[in-house]
Amino acid sequence: MTGPTAFAALHRPGDPLLLPTAWDHASARLLAAQGFPAVGTTSLGVAAGAGLPDGTGATREETLRLALRLGSGPFLLSVDAEDGFGDDPAEVAAFARELWAVGAVGINLEDGLLPAPRHAEKIAAVKDAAPGLFVNARTDTHWTGAGDSGDSRARYDETLTRLHAYRDAGADGVFVPGLTDPALVAALVRDLGGLPLNVLYSPAGPTVAELTALGVCRISLGSLLYRRALGAAAEALAQVRAGRVPAGTTPSYADVRALSGG
């Protein structure tokens, strides 16, 4: 199978794609070396590493530059592209075409709760520009709220309406970060009628095994690994300052240098 076909085939109920997310070349190579066939990028990690705000369209060039470094790697690459870095569907399509040209096989596009027809136009434009690119269409209906426990029927209906619109525009999969209620996950899997559902893993939410049983086809780690890496650095510093040897795994200089190789 070609890269795009192989990536799409990883989205399957009962054996979902667990997608680790990188923020630079070394982290991507490290994750792939753990045996993961596909690696994503995290927009928060890319933005924070460049000293720029996430979710504001400020990291278009940084995102493309990272994709250029990673697209020819020994793994399948999916890129978190925020909202596509533009309001004009043609601009978004042009960016997607650049990602495709450097070897990416997937793109994540978030709607930011903008009108669904506008986001659907972006998806359709991307599929026209790069038909083989796996479009994971994200809706933020559960991302901006306080959680799932108080969700109304109207909120679920809005989520489903948006996802159906994105499917009809050509999306290959859909992403609902912040969705952690097992009953709602199961309902979406059922009501999507076979369209692959991606959820964001949460340490406080269902386990990977539980999400697998619910029929989820993709489980993303988002910015979790990047945030854990920052936390580990702070913890190591505190241990050194306290006169203790830092706990945990510390790759050697040679190990990290090898990750930066070709």
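Values below: all heavy atoms of this structure, side chains included; hydrogens, waters and symmetry mates excluded.
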A.B. asks: Quick one: does Thr161's side chain have a donor or acceptor within less than 3.5 Å of a partner on Asp157's backbone?
C.D. replies: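 Checked: pair present.
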A.B. asks: Is the shortest side-chain heavy-atom distance between Arg153 and Tyr156 below 4.5 Å?
C.D. replies: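 Yes, close enough: below the 4.5 Å cut-off.
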A.B. asks: Compare all side-chain heavy atoms of Ser223 with those of Trp23 and state whether any distance is below 4.5 angstrom.
C.D. replies: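 Heavy-atom side-chain distance check fails, nothing below 4.5 Å.
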A.B. asks: Are side-chain N/O atoms of Arg257 and Tyr253 paired as donor and acceptor at under 3.5 Å?
C.D. replies: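 Not at all, the side chains of Arg257 and Tyr253 share no donor-acceptor pair under 3.5 Å.
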A.B. asks: Is there a continuous path of hydrophobic side-chain contacts, each under 4.5 Å between heavy atoms, that joins Leu77 to Val135?
C.D. replies: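 Yes; tracing contacts between hydrophobic side chains, which count when under 4.5 Å, links both residues.
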A.B. asks: Hey, is the main chain of Glu210 close enough, under 3.5 Å, to the side chain of Thr207 for a donor-acceptor pair?
C.D. replies: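 At least one qualifying donor-acceptor pair exists.
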A.B. asks: Can you find a pair of side-chain heavy atoms, one from Val46 and one from Glu62, that are under 4.5 Å apart?
C.D. replies: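 Yes - at least one pair of side-chain heavy atoms lies under 4.5 Å apart.
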A.B. asks: Main chain of Gly57, side chain of Arg60: is a donor-acceptor contact present, judged purely on distance under 3.5 Å?
C.D. replies: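 Not a single qualifying donor-acceptor pair exists.
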A.B. asks: If I take atom CG from residue Leu184 and atom CG from residue Leu214, how far apart are they, to the nearest 0.5 angstrom?
C.D. replies: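 Those atoms lie 10.5 Å apart.
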A.B. asks: Would you sort out whether Phe36 and Leu18 count as a side chain to side chain contact (heavy atoms under 4.5 Å, CB included), showing the intermediate values?
C.D. replies: CA-CA 8 Å; Phe36 288 91; Leu18 178 61; 3.9 Å; yes
A.B. asks: Would you kindly say whether Asp80 and Thr41 are connected by a side-chain donor-acceptor distance under 3.5 Å?
C.D. replies: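 No, because no side-chain N or O of Asp80 sits under 3.5 Å from a partner of the opposite role on Thr41.
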A.B. asks: Would you say Glu82's side chain and Gly55's backbone share a donor-acceptor pair under 3.5 angstrom?
C.D. replies: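 Yes, Glu82 side chain to Gly55 backbone: donor-acceptor pair under 3.5 Å.
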A.B. asks: Would you check if Arg227 and Leu224 make a side-chain contact, meaning some heavy-atom pair closer than 4.5 Å?
C.D. replies: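 Heavy-atom side-chain distance check passes, below 4.5 Å.
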A.B. asks: As an exercise, state the distance from CZ of Phe7 to OG of Ser78, rounded to the nearest 0.5 Å.
C.D. replies: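 That separation rounds to 4.0 Å.
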A.B. asks: Please answer: with hydrophobic residues joined when any side-chain heavy atoms are less than 4.5 Å apart, are Phe134 and Leu64 in the same cluster?
C.D. replies: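 In one cluster: no.
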A.B. asks: Under a 4.5 Å side-chain heavy-atom rule over Ile, Leu, Val, Met, Phe, Trp and Tyr, are Val105 and Phe175 clustered together?
C.D. replies: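 Not linked; separate clusters.
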A.B. asks: Provide the closest heavy-atom pair for Ala137 versus Ala171 in the form atom of the first, atom of the second, distance.
C.D. replies: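 The answer is CB-CB, 3.9 Å.
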A.B. asks: Determine yes or no for a side-chain-to-main-chain donor-acceptor pair under 3.5 angstrom, with Tyr201 supplying the side chain and Gly222 the backbone.
C.D. replies: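 No, because the side chain of Tyr201 does not come within donor-acceptor range (under 3.5 Å) of the backbone of Gly222.
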A.B. asks: Nearest 0.5 Å, please: how far is CG in Leu221 from CG in Leu31?
C.D. replies: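 So the gap between those two atoms works out to 8.5 Å.
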A.B. asks: I'd like to know if the side chain of His25 and the backbone of Leu259 have a donor-acceptor N/O pair within less than 3.5 Å.
C.D. replies: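 Yes; judged by distance alone, with no hydrogens or angles, the pair exists.
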A.B. asks: Pick out which of Asp54, Asn108, Thr63 makes a side-chain hydrogen bond (donor to acceptor under 3.5 Å, both in side chains) with Ser43.
C.D. replies: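 Exactly one pass, corresponding to Asp54.
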A.B. asks: Hey, what do you get for CG (Leu19) to CG (Leu200), rounding to the nearest 0.5 Å?
C.D. replies: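 Taking CG in Leu19 and CG in Leu200, the distance rounds to 11.0 Å.
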A.B. asks: Evaluate the criterion side chain to side chain contact (heavy atoms under 4.5 Å, CB included) for residue pair Phe95 and Val126; output intermediate values, then yes/no.
C.D. replies: CA-CA 9 Å; Phe95 182 72; Val126 167; over 6 Å; no
A.B. asks: Using atom types as modelled and distance alone, determine if a side-chain donor or acceptor of Tyr166 lies under 3.5 Å from a backbone N or O of Ala116.
C.D. replies: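 It does not hold such a pair.
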A.B. asks: If two hydrophobic side chains count as joined below 4.5 Å and joins carry through other members, does Phe85 share a cluster with Leu44?
C.D. replies: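 Looking at the clustering, Leu44 is in a separate group from Phe85.
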A.B. asks: Side chains of Leu10 and Pro37: does their closest heavy-atom pair fall under 4.5 Å?
C.D. replies: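 Touching, per the 4.5 Å side-chain cut-off.
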A.B. asks: Any donor-acceptor pair under 3.5 Å linking the side chain of Asp255 with the backbone of Ser252?
C.D. replies: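 Confirmed, Asp255 side chain pairs with Ser252 backbone.
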A.B. asks: Any chance the side chains of Thr141 and Thr159 put a donor and an acceptor closer than 3.5 Å?
C.D. replies: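 Thr159 and Thr141 do have a side-chain donor-acceptor pair below 3.5 Å.
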A.B. asks: Assess the side chains of His11 and Arg218: does a donor N or O sit below 3.5 Å from an acceptor N or O?
C.D. replies: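 A pair is found: one side chain offers a donor N or O, the other an acceptor, under 3.5 Å apart.
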A.B. asks: Is there a side chain to side chain contact (heavy atoms under 4.5 Å, CB included) between Leu192 and Leu160? Walk through the geometry before answering.
C.D. replies: CA-CA 8 Å; Leu192 287 173; Leu160 190 61; 4.1 Å; yes
A.B. asks: Measure the shortest side-chain to side-chain distance between Val39 and Leu70 over non-hydrogen atoms and say whether it is less than 4.5 angstrom.
C.D. replies: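 No, every pair of side-chain atoms sits at 4.5 Å or beyond.
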A.B. asks: For Trp100 and Pro4, which heavy atoms make the closest approach, and how far apart are they?
C.D. replies: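 Shortest heavy-atom separation between Trp100 and Pro4 comes out as CH2-CG, 3.3 Å.
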A.B. asks: Strictly below 4.0 Å, N to O, side chains only: are Lys127 and Asp172 in salt-bridge contact?
C.D. replies: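 Counted as a salt bridge, because a side-chain N and a carboxylate O are separated by less than 4.0 Å.
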A.B. asks: Kindly check if the number of other-residue, nucleotide or ligand heavy atoms within 6.0 Å of CZ (Arg118) is above 12?
C.D. replies: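 Yes, because the 6.0 Å sphere around CZ of Arg118 holds more than 12 heavy atoms from other groups.
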A.B. asks: CD of Glu110 to CG of Asp83: how many Å apart, nearest 0.5 Å?
C.D. replies: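 Going from the CD atom of Glu110 to the CG atom of Asp83 covers 6.0 Å.
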A.B. asks: What about Leu76 and Leu68, same hydrophobic cluster or not, with Ile/Leu/Val/Met/Phe/Trp/Tyr joined at side-chain heavy-atom distances under 4.5 Å?
C.D. replies: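 No, it is not one cluster - the side chains of Leu76 and Leu68 are not joined through contacts under 4.5 Å.
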A.B. asks: Would you say Leu188 and Val174 make side-chain contact, with heavy atoms under 4.5 Å?
C.D. replies: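 Not touching, per the 4.5 Å side-chain cut-off.
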A.B. asks: Search all heavy atoms of Pro53 against all heavy atoms of Thr59 and return the closest pair with its distance.
C.D. replies: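 Heavy atoms only, the tightest pair is O-CG2, 4.4 Å.
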A.B. asks: May I ask you to test the Pro20-Leu225 pair for a side-chain heavy-atom distance under 4.5 Å?
C.D. replies: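 Counting from C-beta outward, Pro20 and Leu225 do come under 4.5 Å.
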A.B. asks: Taking all non-hydrogen atoms of both residues into account, name the closest pair between Thr180 and Ser202 and its distance.
C.D. replies: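 Scanning both residues completely, I find the closest heavy atoms to be CG2-CB, 4.4 Å.
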A.B. asks: What's the verdict on side chain to side chain contact (heavy atoms under 4.5 Å, CB included) for Leu179 and Val185, showing C-alpha distance, side-chain angles and the deciding distance?
C.D. replies: CA-CA 7 Å; Leu179 182 67; Val185 173; 3.8 Å; yes
A.B. asks: Taking NZ, NE, NH1 and NH2 as the nitrogens, is one of them in Glu61 or Arg65 under 4.0 Å from a carboxylate oxygen of the other?
C.D. replies: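 Salt bridge absent between Glu61 and Arg65.
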A.B. asks: To the nearest 0.5 Å, what is the distance between CG on Asp111 and NZ on Lys122?
C.D. replies: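 Reported to 0.5 Å precision, the distance equals 9.0 Å.
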A.B. asks: Using the side-chain contact (heavy atoms from CB on, under 4.5 Å) rule, pick out the option among Ile219, Leu211, Val176 that qualifies with Leu197.
C.D. replies: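 Of the listed options, the one satisfying the test is Val176.
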